[in-house]
Amino acid sequence: DVRETSVNSSQRSVGRSAVVSADIESALQTATAATLPTLPWLHKINRKLTGGDYCLHIANCSWPVPSPVSAGLLRGEVMLQALPSIIAAQVLNPRPGTSVLDMCAAPGGKTTLLAALLGDQGRIVALDRTAAKVAEIRSLARDLGVHCVEAYQADAKEAVLTMTAAAAAAAAAAAEQPMEEKAAAAGAVGRIPSPPVSLPSAAPPPSSPRLSAIPSAAPSSATPSSAAPSSAAPSPAAAGALLLGPPPYPAGTFDYILLDPPCTALGLRPRLLHSWNLPQLRAMAAYQRALMHTAVRLLAPGGEMVYCTCTINPDENEANVAWALDRFSGSLQLLPAEPLVGLTGLTGADPETGSRWLNEQEAAMVQRFDPGLLFPGRMMGLILPPLPLSQPPAHPQAKEQEPGFRCDDDDDDEDDEDEEELPWVDDVMGFFIARLRKVS
Ligand SMILES: C[S@@+](CC[C@H](N)C(=O)[O-])C[C@H]1O[C@@H](n2cnc3c(N)ncnc32)[C@H](O)[C@@H]1O
């Protein structure tokens, strides 16, 4: 049994978790390629490895993806995560030394992947409104040896410093409580150096960004997703000397923001029955817009955010992105959510309300994963490592561009043989990813 052998022979203890070494990755590539389609098998592995002491990073029911292994921080270690979730973090792709806000972070899967992409150099504030879930983020960060994450229980909608909050902060500053003490009191994850790094004797004035100690490394106006990481030496904050502390934060504080809000989760499988009704779907979209509003305010000029959901509901996806582009017209710009792997977004408008979705150009920049639809792999070769066994043929170009194509029909399709050799293509959860830049 490849799994048993690999786990037993390559595990090593790190803290209270056993982390599987790189050996298992190659074993899994072999095993996965040999045993697909293996949804039940993978569920079994998931239970076995994530329910106990192991973290295993393989893509959603299909193949191992070299992330965060490839990002250096967690070299040789793997953790279970769905492919679209991995891609969402890769689309944001924060550069080392920058500041990142993960607004709805629990249980911390994307937070820790972002930490890996940062190389643990910089700061990630991870917020979640539920205390128990914040504990999960902290625990995961600790288990993975991540230091740049500080997690707080907070309503992310209220995370911007308002005039009222500013007055309270001024009072706190007057009390001269060092920032790292405040963060420690709030239970942040990030390490607090010992002996403590000397900080200003008073907290910064409420009108100045708390991140002033972190050199601005906002994304360039080119294509930050593919840009080389900044070569600047890590600042003291990037090295973990400073914590940002709990919210609220001044507007324009963060270089990158991930907004992965609560959603109707209509993309998660297997679920045959959903209890959502239309008003509830609409209400969820409105809640997400409130979070987006906060995100735009907290983003630094030139900064980038990724908005993603695990639902296929256009209200929560295309309609919300269109709303943001129209609401913040002139200051928010849609960028290609590279690496583009999923399908294009939906064009048109809501037949009932008439509110617009995306135009053709915008739809091409977002990515939509839809369970049951063929996963075309717009750039499959770039994302996926080569399979170790018999290489399946590349997917025919014509079908890559055909978003509505289903895997389970077309009995007489001449490419049936190819489809049999591409069992992973229909095993992707429903998901949506958009990338936005704050222009000013
Ligand atoms: C889709 S999950 C996030 C998953 C997470 N990003 C990950 O990849 O592991 C949405 C999370 O948002 C949290 N949440 C809901 N409303 C919130 C709010 N107003 N502020 C902060 N977190 C919120 C929920 O508790 C839930 O954990």
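The shown structure was predicted, so the numbers you read here are calculated from the model rather than taken from an experiment. Atoms within a ligand are numbered from 1 in the order they appear, just like the ligands themselves.
- The residue from Gln153, Arg129, Lys110 that puts a heavy atom closest to atom 23 (C) of ligand 1 is Arg129.
- Residue contact check: Gly109 has heavy atoms under 4.0 Å from atoms 7 (C), 9 (O) of ligand 1.
- Listed by number with element, the atoms of ligand 1 under 4.0 angstrom from any heavy atom of Asp155 are 18 (C), 19 (N), 20 (N).
- Taking every heavy atom of both residues into account, Pro250 and Leu298 meet most closely at O-CD2, 3.7 Å.
- Here is the list of ligand 1 atoms found below 4.0 Å of a heavy atom in Met103: 21 (C), 22 (N).
- Atoms of ligand 1 lying under 4.0 Å from any heavy atom of Lys157, numbered from 1 in the order shown and given with element: 19 (N).
- Between Phe328 and Trp323, the ring planes lie perpendicular to each other; the angle is over 60°, past the 30° to 60° tilted range.
- The pair Glu318-Arg356 fails the salt-bridge criterion, with no side-chain N (NZ, NE, NH1 or NH2) lying under 4.0 Å from an Asp/Glu carboxylate O.
- By the 3.5 Å distance cut-off applied to N or O atoms, Asp102 is not counted among the residues near ligand 1.
- Residues Leu299 and Lys438 approach most closely at O-NZ, 2.9 Å, considering heavy atoms.
- Residue Pro261 holds the heavy atom nearest to atom 1 (C) of ligand 1 of all those in Ala88, Cys104, Cys310, Pro261.
- Short contacts between ligand 1 and Ala156, defined as distances under 4.0 Å to a heavy atom of the residue, involve ligand atoms 18 (C), 19 (N), 20 (N), 21 (C).
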If you look only at distance, which donor and acceptor atoms sit under 3.5 Å apart when one is on a side chain in residues 124-135 and the other is two or more places apart or in another chain?
residue	atom	partner	partner atom	Å
Asp128	OD1	Thr130	N	3.2
Asp128	OD2	Ala106	N	3.1
Arg129	NH1	Tyr287	OH	2.9

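- With sequence neighbours excluded, the residues satisfying side chain to side chain contact (heavy atoms under 4.5 Å, CB included) with Ala285 are Gln288, Arg289, Asp315, Glu316, Asn320.
- Checked against a 3.5 angstrom limit, the closest N/O atoms of Leu291 and ligand 1 fall outside it.
- Contacts of Ala105 with ligand 1, taken as heavy-atom pairs under 4.0 Å, involve the backbone alone.
- The part of Ala154 lying near ligand 1 is the backbone, judged by heavy-atom distances below 4.0 Å.
- Backbone and side-chain nitrogen or oxygen atoms of Leu127 are examined, and none is located within less than 3.5 angstrom of a nitrogen or oxygen of ligand 1.
- Residue contacts with ligand 1 do not include Cys263, since none of its heavy atoms lies under 4.0 Å from the ligand.
- Thr309 and Thr311 form no side-chain donor-acceptor contact under 3.5 Å, judged by distance and modelled atom types alone.
- Using a 4.0 angstrom heavy-atom cutoff, Glu158 does not count as in contact with ligand 1.
- Aromatic rings from Phe432 and Phe369 are positioned such that their centres are separated by 6.0 Å or more.
- Contacts with ligand 1 closer than 4.0 Å are made by side-chain heavy atoms of Lys133 only, the backbone lying farther away.
- The side chain of Thr130, and not its backbone, has at least one atom closer than 4.0 Å to an atom of ligand 1 (non-hydrogen atoms only; side chain from C-beta on).
- Asp102 and Thr111 share a donor-acceptor pair across their side chains, judged by distance under 3.5 Å alone.
- Distances below 4.0 Å separate heavy atoms of Ala106 from the following atoms of ligand 1: 2 (S), 3 (C), 4 (C), 5 (C), 7 (C), 9 (O), 27 (O).
- The shortest heavy-atom contact between Met103 and Leu101 is CG-CD2, 3.5 Å.
- Here the closest non-hydrogen pair linking Pro262 and Cys104 is CD-SG, 4.0 Å.
- Below 4.0 Å from some heavy atom of Tyr287 lie the following atoms of ligand 1, by number and element: 16 (N), 17 (C), 18 (C), 19 (N).
- Residue Ser85 does not touch ligand 1, judged by heavy-atom distances below 4.0 Å.
- Scanning all heavy atoms of the two residues, the minimum distance from Asp255 to Ala300 falls at OD1-CB, 4.4 Å.
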